[in-house]
Amino acid sequence: MLVLSITAIPCTMCRVCHNIGVIISRLEELKLRFGFSVPGVAEFNGNPDSLFFNDGKRRIDFVLVYEDESKNASEKKGSQRRREFFEGSLMNLGVELEATQSVMDEKLVYVKVHMPFEVLCTYAEVLHIKLPIQPNDLAQQSSAYNCFTRHFYPSEDVIAKEPDFFTAPFRKDQLKCFCVKDREQFFTPAVRSRMAYYILSRAPYDIKGSVKKFGISKLLDGGVYKAAYPLHDSRFNVKSKEPDCPNERFLLYNEWAHPKSFYKMQPLDLIRKYFGEKIGIYFAWLGFYTVMLTLAAAVGLGCFIYGYTTRESSTWSKEVCDPQIGGEIIMCPQCDQICPYWRLNTTCESSKRLCIFDNYGTLVFAIFMSVWVTLFLEFWKRYQAELEHDWDTVEFLQQEEQLRPEYEAKCVYERVNPVTQEKENVPHTACGKCMRVSCGISTVLFWVLLIIASVVGVIVYRLAMFINFSAKLRTDLKYTKELEPFKEYVTPQMATSITASIISLIIIMILNNFYEKVAIWITDFELPRTKTEYENSLTLKMFLFQFVNYYSSCFYIAFFKGKVVGYPGQPVYWFGAFRNEECDPGGCLTELTTQLSIIMTGKAVWNNIQEVLLPWVKNLIFRHCTQVGSEKVIPRWEQDYQLQPIGKLGLFYEYLEMVIQFGFVTLFVASFPLAPLLALFNNLCEIRVDAWKFTTQSRRVVPEKAQDIGAWQPILQGVAILAVATNAAIIAFTSDMIPRLVYYWAISVSPHSDGSNHTMTGFINSSLSVFNITDFNGNSNPNVDTLFWFNNITTCRYRDFRNPPNHPNQYEYSIHYWHVIAAKLAFMIVVEHIVYFTKFMLSYMIPDVPEALKEQIKRERYLTQVILHETNIKHFKELMKPVADNLQDEIEESELNLRL
C-alpha cells in the first residue's frame, strides 16, 4: 500500500483556496495512478493513558471515528469513497494519520490525527497565532480587588501560575525570533487541536464537475464519520501515569468543578489554556456577574426584610383588615352573573403580602438596580480589557478570524472588493443577499406573532378560569374540611394567576424547542461570512424571540392587565364574550411577583435537568450498552468517545440562559426584590454545574479564540436601558405607590379633606369608587343568591377613581384620577431623566480600559517591535557574515597584490 508523505504546502491566507485546488488536482492524479491511500490499521499498544501514536513520539491532535463498512453490510459505499478521499487530502497536506480498531466495538475505527511541526508552523502563520518571543519582565499591575480575591484562588503549588511572555504573530521565516526550547512543547495542545480542526474543516472529500465539497462538518452530518474531537489529557478523577502529562483535566475537576471548591475563585488561566479563550471568557463573565450579584442580592434581601417587618404596621393594610372598615365595605362582583358580592377584608392576607413588595424600600431598590447595572457593565468592560491583554486577543478579529467553510464552499459569484479593488468570490449577489435577509426577517416576525397569539390564548384562559374559580373555589374550600385552612389565602385571582403562570412556562419551553431549529436554519440560509458573524446573527434572532417569549406575559400583567376594564355597569369585553379581568384588590403587583418567581424557578430547574441529568443519564446508558470485560484496557480516545459531544453552538445556550436571567433581574426587579438573590444562588450552582459538565460529561471542545462576549454585550446594554423605563413604569402604573403619595401629600389635607395633618388614614376609602347596584345591565347583573349580610345595601365599591352615582358626570373619571395620572407621568419623566443622567455620568467617568493598562499595552508593543527588529538585524548579520568575510578576504588580497 502506498503511503503518502508529501511536505505540507506553505500557504498564507491569500493562497488557501488555491492550495485546496492544487490538493484536489494532486488527489485526482494519485487516484488515477495508484488509487486512494488510507492509513493502515494499527493495534492498540495497551497504554490507556497514552496521548500519542503507537510509536510514543507523535502526539494525537485530533480523533476521527467511523464505522467499518466491512462490519456493516448496510453502510453505503459512497461513504467509504468520501472518507478515503478526505483522509488522502489530509495526508497530502502533510497531516499524519494512524487508525486503530476499537477495543469495545469491533465495528468502530478510530483515526488518530497528528500535526508535524512543519505543518504546525505553516498554519500558525495562516491563523496569525501569537506565540512567545521573550519572557515579560514588566511589573504586573495589582488592584485592591485582586489583593482580596487572591486568598480564594487555588494554591500555586497545585496550579502553577502561567508564565508571561511578549508575543507576536508567528512567521515561519522568523522562527529564530521565537522561544522554541522544545519543538513538541512550543505549540500547546489546545493550539494544536485548533489548527487541526482548521485543516479538517477545509480538507476536500469529493468533487463533482466544478463543485468542490469539503469540511469535516458535512461528513459528520452525512454519517461518514460518527465523531471528531480532540482528546482530554487524562481522566477527570485519576491522574495519568504518563510522565510528561500535565493532568490539567484532573486539576480542573478538583480545583474548579468539584462541589468542595464552591468557595474558590475560578482558575481562569488554566480554563483558557485547556479549553480555549472562548470558554475562558464565558466563565470569566459568569464569575464576574455572580460576584456583582452579591451586592444586588444583599440590598434586595434588605428591602424584602424591611417590607416583611413593616407589613403589619401599614396603615392602608390595617384598614383593609379592620372589620370596622374593610369588613363594612361591600365590593362589586368581579365577573358577570355568577360572581357574588364580597367584603373587602377577605383580601386581608393578600394585602399584607403586597406590603412586602409594594413599599418605599422598593422604590429605593429599583433606583439602586439602575445604577448597579451600569456599574456592572462598565466594570466588566474594564475587566474584559484586562483579559484581552493577558490572553493576547486584543487584535484577534482583525488578524485571526477566518472564513467559515460553509461560506467558502458557496463562493461562486465574483465581485470587486471595495477595499482591495481586486476580484473575489462571494456566495450570493446583492439581490440574493437581500432575499435571504428578507426571508429571515419574515420568519422571525412570524414566530414573534405566534408568541403573541399564545399570550392572547393564555389571557383568554385567565378570563374563562377566573369565572370558573369565582363560582366554585370558595364553595369547594368552605365545604372541604381539609382545604378550609387555605380559604383565606387561595383567592380566585391567586388560583388563576398560578395556573396561568404554569401554563405560560410550558408554552415557553415548547416554543423554544421549535424556534431553536428554525433560527439555526434561517442563519445557515443567510450564509454569514465568519463564525463571529454567524453567532451574532443567531444571537439577535434567538434573543428577540426569547425576549418576547419569556417577558410577554410579565409585560401583560405589569402594564395591561386591569388597566382598561370599564366599571361594573359597563365592563370591557374581549372578543365580545370575555369580560376583561381586573387586578387583585391589592393590585397587580402580587400577580407579577408570582409570575416572575414561577418562571425564574421553573426555568432554572428545567435548565439544570437538561445540563446535569440528561448528559449523566446518556453517558450511563452508553456505558451500559457498550460494557466490556474488566480484563480489557480502554484507550484514552475510546473513553472520550463515550462522553457527550458539545453541540455546534457551544456556549450559545449558556449565554442565552444567563442573559434571559439578567433580564428578569433588571427589567422587573421593582416587583420582586428577591430576584437577584435567586439569581445569585442559581449562578453559584451554574458555574460548578457547567464546569462539571465540561470536565466530566463532555468531550473536549475544540479550542476557539474570542475577544469578548460578542453580540451579548450590546444586548445587555439594551436591557439595562430598557430596565430603567420598565421599573419606573411598574412603580408608577402597577403599584399603588403614586396614588398613596398623592393621597398623603394632597388629598388627606385641606381643601380635599377636613384634616390639617398629612396621613394615610382613609386612603382605602378614597381609592374605591361607588356604584349603584340598580345600574347593572342585564348581562352583568349578578344572579347569585343574596348573602345574609348584604341586607338592603344599594351600593357597592370598585377600584377606580370615578364620580359617584347622581353626579352630573356619573361614572366618568374624577379630578382625583387626573391628579394621579399627572403624578404618575411626572414621576416617570423625572426618575428616568435622573437615572439616565446618572448612568451617562458613570459611563463617562469610568473608562473602558484602565489608563495603567493602556500604558502597559503600548509599552509591550514597543518592546515587541524592538525585540523583533533586533532579532531580525542579528539574523541578517549572521546571514551576511560569510559574505562580509569573503569580501574582507578579497579586499586584503587586492591590497596585497597592489603592494607587490
Side-chain angles (χ1 to χ4, degrees), residues 152-154 159 190 229-230 232 236-237 248-294 380 383-384 387 516 535 539 542 546 600 603-619 640 643-662 664-665 678-704 706 708-710 712 716:
F152 298 96
Y153 279 99
I159 298 180
Y229 52 89
H232 284 295
F236 71 87
N237 55 353
E248 291 173 348
R249 185 190 185 193
F250 175 81
L251 293 176
L252 285 171
Y253 174 73
N254 279 281
E255 300 297 326
W256 176 47
H258 199 282
K260 70 179 182 181
S261 303
F262 75 95
Y263 65 93
K264 293 182 180 179
M265 301 295 289
Q266 301 182 89
L268 293 176
D269 287 335
L270 184 59
I271 297 171
R272 171 248 182 173
K273 180 182 176 184
Y274 191 75
F275 291 113
E277 286 79 5
K278 193 167 190 177
I279 289 182
I281 200 76
Y282 163 73
F283 280 105
W285 177 82
L286 181 56
F288 185 84
Y289 173 43
T290 304
V291 170
M292 289 293 291
L293 271 177
T294 55
W380 164 248
Y383 184 48
Q384 183 174 260
L387 291 176
E516 285 173 6
E535 292 180 349
T539 296
M542 285 296 294
Q546 300 278 16
M600 281 191 70
K603 180 176 175 293
V605 170
W606 176 249
N607 287 335
N608 284 326
I609 289 174
Q610 285 186 311
E611 293 182 8
V612 180
L613 190 60
L614 290 182
W616 181 77
V617 170
K618 287 180 180 178
N619 288 336
D640 285 4
L643 302 177
Q644 292 300 305
I646 296 293
K648 290 183 179 180
L649 298 178
L651 294 171
F652 175 81
Y653 296 110
E654 306 295 342
Y655 274 118
L656 183 62
E657 176 187 353
M658 288 295 103
V659 172
I660 293 296
Q661 182 206 86
F662 179 81
F664 283 122
V665 168
L678 293 180
L680 176 62
F681 288 147
N682 178 75
N683 288 6
L684 290 173
C685 296
E686 183 74 21
I687 291 174
R688 306 304 163 180
V689 165
D690 286 346
W692 176 81
K693 180 177 66 176
F694 277 110
T695 55
T696 68
Q697 301 301 305
S698 302
R699 297 170 189 162
R700 189 172 182 175
V701 298
V702 179
E704 294 182 57
D708 48 37
I709 60 175
W712 299 111
L716 292 173

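Counting heavy atoms from C-beta outward, F283 and F694 have side chains that approach closer than 4.5 Å. Between L268 and Y153, every side-chain heavy-atom pair lies at or beyond the 4.5 Å cut-off. Considering only heavy atoms from C-beta on, F652 comes within 4.5 Å of M542 through its side chain. Counting heavy atoms from C-beta on, the side chains of E686 and E654 come closer than 4.5 Å. A 4.5 Å side-chain heavy-atom check between L643 and Y229 finds every atom pair outside the cut-off. The shortest distance between side-chain heavy atoms of L656 and V659 does not fall below 4.5 Å. Taking 4.5 Å as the limit, every side-chain heavy atom of E277 sits out of range of all side-chain heavy atoms of L387. L252 has its side chain within reach of F275: a pair of non-hydrogen atoms, C-beta onward, lies under 4.5 Å apart.
Between the side chain of D640 and the backbone N or O of H232, at least one donor-acceptor pair lies under 3.5 Å. One N or O on the side chain of R688 and one on the backbone of F262 form a donor-acceptor pair closer than 3.5 Å. Checked by atom type and distance alone, the side chain of S261 pairs as donor or acceptor with a backbone atom of N254 at under 3.5 Å.
Applying the salt bridge (charged side-chain N to carboxylate O under 4.0 Å, His left out) test to E248 and every residue at least two apart in sequence or in another chain returns K273.
Interatomic distance, OG1 of T695 versus NE2 of H258, reported as 10.5 Å (0.5 Å rounding). Going from atom OG1 of T696 over to atom CZ of R249 covers 7.0 Å, rounded to the nearest 0.5 Å. Between the CG atom of L651 and the CG atom of D690 there is a distance of 8.5 Å, given to the nearest 0.5 Å. How far CG of N682 is from CE of M600: 7.0 Å, rounded to the nearest 0.5 Å. Here Y263 contributes atom OH and L684 contributes atom CG; the two are 14.5 Å apart, rounded to the nearest 0.5 Å. Here the CD1 atom belonging to I709 is positioned 12.5 Å from the NZ atom belonging to K278, to the nearest 0.5 angstrom.
For the pair R700 and Y274, the cation-pi criterion (under 6.0 Å, within 45° of the ring axis) is fulfilled.
Minimum heavy-atom separation, A190 to P703: O-CG, 3.4 Å. Between P230 and V702 the shortest heavy-atom distance is CD-CG2, 4.1 Å.
In summary, the side chains of W256 and Q266 do present a donor paired with an acceptor at a separation below 3.5 Å, with no hydrogens or angles considered.
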Report, one line per pair, each donor and acceptor closer than 3.5 Å where one atom sits in a side chain of residues 285-293; sequence neighbours left out.
from : atom 1 : to   : atom 2 : distance (Å)
Y289 : OH     : Q661 : OE1    : 2.8
T290 : OG1    : L286 : O      : 2.8

